[in-house]
Amino acid sequence: MEQKGIRKSKLIVGVCIVVVSLLILAGTALFLYFKLAHSGADSTNVIYDKKYAFIANDSDDAFVLDVYSVAKEYAAKKGAYLELVGENLNNSYSSHELMAMAIASKYDGIIVEPDDTAEMTNLINKAVQEKIPVVTYMTDDSSSLRQCYIGMNFYVLGNQYGKVIGKMGYEDECRILVLTKETLPDSSKNNFYTSLMGELSSNSSGNVKYDVSFSAVDTASSFNVEEAVRDIVLYDDADIDVVLCMDEITTTSMYRALVDYNRVGSLEVVGYYNSDTILQGVERGVLEATVSVDANEMGVGCIDALEEYLDSGYVSEYISVSVEIID
Amino acid sequence: MNRFERRVSNFIHKMSIKKQLLLVFILTAAIIFVANLVIFIEIDKQMGSVDAVYDSNEQNNELLALVENVQDSMTVYLQVKSTDVMEGYYRAVYDLTDVLDSMDTTIQGNVAPAARDDIKNMIYAYLKLADETIQGKRGRNVERYSVNYEEASTMFLYIKDSITSLNEQQFRQNTEEYSELRISMKVLEVTSFVALGFAFLIGMVLVILFTERITFPITDLAERAGRISGGDFDVEIPTSNWTDEISILSKAFSGMLVSIKDYMAQEKKNIETERDLRERELTMEAEIKEARLKYFQAQINPHFLFNTLNAGMQLAMLESAPRTGEFLKNVSEFFRYNINKDNGGSTIGEEVSLVDYYVEILKVRFGDELELVKDVDESVYGLYIPKMVLQPIVENCVNHGVRETERKGIIYLTIYRQNGEVLISIADNGVGMSKELIDSILSGNYVPDENSAESNGVGIRSVINRLKLFYNRDDVIEIVSEGKDQGTEVIIHVQDNAG
């Protein structure tokens with residue numbers, strides 16, 4: 001009887017060991033399955049229905065990159081893959097070359113920042129002819145066959161800058177230098193100038209003489225930007241009072257130059273975009289103010305425009321993005 | 001759980017030990033096999049991801065080589081414009097399109113998802129331009145082919161850059177993933193070691209449990225067998241309705257134990273019977289010896305007695321006294337019987353003759369006062385009975401029955417067959433016997449005066465004892481008396497051999 005009891009307890013212990021070991025084995029298998037499955041190269045394998053191309057004139061521009069990342073994330077939700085064309089290539093290509101590549105690669109849609117050249121217009125037209133919808137952002141190429149433009153209204157922008165300058169309280173004369181991208185079309189410049197001057201004259205008593213000049217900066221190379229900004233800050237031949245920057249790179253460069261060459265206070269700069277560095281400049285009083293363009297709005301707008309066109313065949317030709325002053 | 005356990009136990013024990021051992025082996029092997037399988041599948045998966053990377057790089061390189069081939073043959077054709085070169089060009093285009101058609105361009109993954117699709121489309125665009133170039137050259141349209149050639153060459157550079165960039169990106173990604181892979185492999189190593197360890201543990205426990213199930217009944221049986229060989233036959237052998245070899249052995253052992261017990265009981269009974277028989281034989285021998293001793297005591301040189309009796313007989317003849325002669329002859333015969341046939345048994349016929357001699361002798365004394373009435377079935381004369389049985393009874397009838405009455409004494413000797421037995425009845429018309437006396441005689445408690453002058457020395461007690469021993473039954477003799485003066489009848493039941 002006692003022996004039977006011992007046998008029974010032995011059996012129970014044995015069965016327990018077997019069960020526990022089996023559980024551990026199963027646990028190990030599950031652990032392996034999940035641990036290793038998630039470390040695999042293709043674990044985040046999302047399949048996209050479409051591919052869109054995003055072409056930037058200047059892939060260093062923080063604003064443009066913000067727009068791209070917002071647009072990419074939004075596109076993914078819509079089942080589309082948005083590629084910053086040229087990003088993964090070893091060689092650097094001009095936006096024209098990238099555009100040509102995008103057309104040859106048969107993207108389902110192209111988001112491009114035009115540079116006001118006839119070649120770009122042709123490329124846009126070629127894409128459209130090959131049934132690839134094109135959305136322009138930042139600057140427009142209204143002469144092309146592009147489906148839609150999404151960006152700030154330069155008239156509104158001129159208006160906003162005018163308000164900032166007005167607050168500076170110049171009494172007799174004010175020399176203003178507007179630093180634009182080389183690619184900015186003349187039409188945009190004209191709009192900007194008209195609204196800026198309109199705002200300044202309506203705000204001032206009429207005694208102040210505003211002298212506005214434009215200077216195009218080659219933003220394709222950060223070295224060029226640095227050079228141009230240095231010239232302005234260091235050898236201020238024209239005795240400039242206010243500098244209006246029209247892009248993120250120039251603004252950042254200007255902020256650094258003001259500090260480096262000790263021109264804080266003697267040269268008033270109004271920046272563009274609200275990157276962390278620029279906001280810091282505004283906070284410290286190095287930059288007078290900055291305009292904030294909503295990168296989210298622009299990024300989402302680009303994708304929505306393409307989707308809408310592909311879905312319905314129609315889309316608004318012009319979508320405006322709001323602009324705000326931060327000072 | 002308990003029911004389940006019983007079911008499993010029954011299932012296992014209905015199998016032979018060979019099958020049980022096979023089951024243990026298969027179970028442990030299966031567990032280790034499954035553990036290994038899981039590990040190998042994981043290793044395979046890991047290796048697969050590494051392989052995929054290299055496969056993809058190889059495909060990319062192959063594609064690039066094919067595009068370069070087209071570009072080269074196109075360039076050569078523009079320079080040479082020979083049919084062979086054109087053929088080479090078309091072959092290159094064919095090879096390239098063949099690869100392109102089977103190219104998977106799903107937009108997926110986290111390394112340049114659209115790159116392969118881009119490349120494929122660019123190559124198609126390139127091929128279109130190359131074709132235009134070739135057609136231009138064939139049509140000697142210099143402007144057409146030079147423009148197209150330039151565009152095709154630019155496209156070729158884009159393609160080349162795209163492919164090499166993709167390769168580099170994948171390689172970069174792989175390098176990043178390689179460290180992860182290394183960690184994974186390390187994890188795999190440890191976990192597989194643990195898994196195999198536990199699989200081994202399970203196997204060992206199963207083997208121990210199963211072999212114990214097999215060996216326990218054997219050791220248990222051996223222990224019980226040891227107790228049996230030590231003389232304890234009351235050991236219980238556990239039996240079950242299982243059909244494995246151990247259970248069969250247990251059943252056989254149990255059966256053997258029962259047989260041994262039966263055999264021993266039978267043997268004991270036989271020994272007891274034999275001992276009983278031997279005892280009776282010894283007692284009988286002792287009785288006979290005692291009887292013989294009595295005779296010897298009674299004898300006074302029998303030869304002298306016979307000679308004397310014969311001399312007397314002759315004298316009686318000479319003197320013409322035939323009755324005296326007859327008397328002496330009877331006496332002589334009576335004693336001869338006692339002397340010659342003194343051992344073992346005799347036949348009924350001889351016993352009856354002895355009674356005849358005895359009564360004739362007595363008649364000399366008692367004259368007509370005594371009569372023997374015989375009614376005998378002579379066919380039983382050859383039947384053996386113990387010696388000196390009838391005469392002592394007749395003697396008792398005369399001495400204690402007939403002599404004490406005034407009337408004529410009659411002795412009835414009747415021998416007949418009845419119900420497979422031979423009944424010898426000796427009756428008298430004497431004084432009869434009381435019930436107590438009969439019981440006392442039959443139980444052997446009665447002690448008569450056997451040395452009286454009237455007796456030949458063989459008492460009724462000896463007769464009864466010898467009859468009981470000889471026939472091994474207590475009711476071999478019965479004495480019947482109706483009461484005083486009603487006479488007495490002694491009946492002996494003799495087994496009839498003929499019957």
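We name chains A, B, ... by the order of the sequence lines, and we start the count at 1 in each one.
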**Request:** Tell me, with the steps shown, if L157(B) and E97(A) meet side-chain contact (heavy atoms from CB on, under 4.5 Å).
**Result:** CA-CA 11 Å; L157(B) 290 177; E97(A) 288 170 320; over 6 Å; no
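- Within the model, atoms CD of E83(A) and CG of D118(B) stand 5.5 Å from one another, a figure rounded to the nearest 0.5 Å.
- Ranked by non-hydrogen atom pairs under 4.5 Å with chain A, the options T106(B), I41(B), L201(B), D117(B) are led by D117(B).
- In this structure, chain A has heavy atoms under 4.5 Å from both the backbone and the side chain of T164(B).
- For chain A, the option among K120(B), Q169(B), E168(B) with the highest count of heavy-atom pairs below 4.5 Å is Q169(B).
- Residue E73(A) qualifies as open at atom CD: its count of foreign heavy atoms under 6.0 Å is 12 or below.
- Atom NZ of K128(B) has 12 or fewer heavy atoms from other residues, nucleotides or ligands within 6.0 Å.
- For D276(A), the CG atom counts as loosely surrounded, since its 6.0 Å shell holds 12 or fewer non-hydrogen atoms of other residues, nucleotides or ligands.
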**Message:** What verdict does the side-chain contact (heavy atoms from CB on, under 4.5 Å) test give for S162(B) and L89(A), after you've listed the backbone C-alpha separation in whole Å, the side-chain angles of each residue and the deciding distance to 0.1 Å?
**Reply:** CA-CA 6 Å; S162(B) 295; L89(A) 297 181; 3.8 Å; yes
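- Heavy atoms of other residues, nucleotides or ligands lying less than 6.0 angstrom from CD of E317(A) number 12 at most.
- Other residues, nucleotides and ligands contribute over 12 non-hydrogen atoms within 6.0 Å of the CD atom of E87(A).
- Atom CZ of residue R172(B) and atom CG of residue N88(A) lie 8.0 Å apart, to the nearest 0.5 angstrom.
- In this structure, chain B has heavy atoms under 4.5 Å from both the backbone and the side chain of Y48(A).
- Atom CZ of F171(B) sits in a sparse spot, with 12 or fewer heavy atoms from other residues, nucleotides or ligands closer than 6.0 Å.
- Taking every heavy atom of both residues into account, N121(B) and S105(A) meet most closely at ND2-O, 2.7 Å.
- Crowding of Y124(B) atom OH: a count of heavy atoms from other residues, nucleotides or ligands under 6.0 Å exceeding 12.
- With rounding to the nearest 0.5 Å, the separation of CE in M122(B) from NZ in K106(A) is 12.0 Å.
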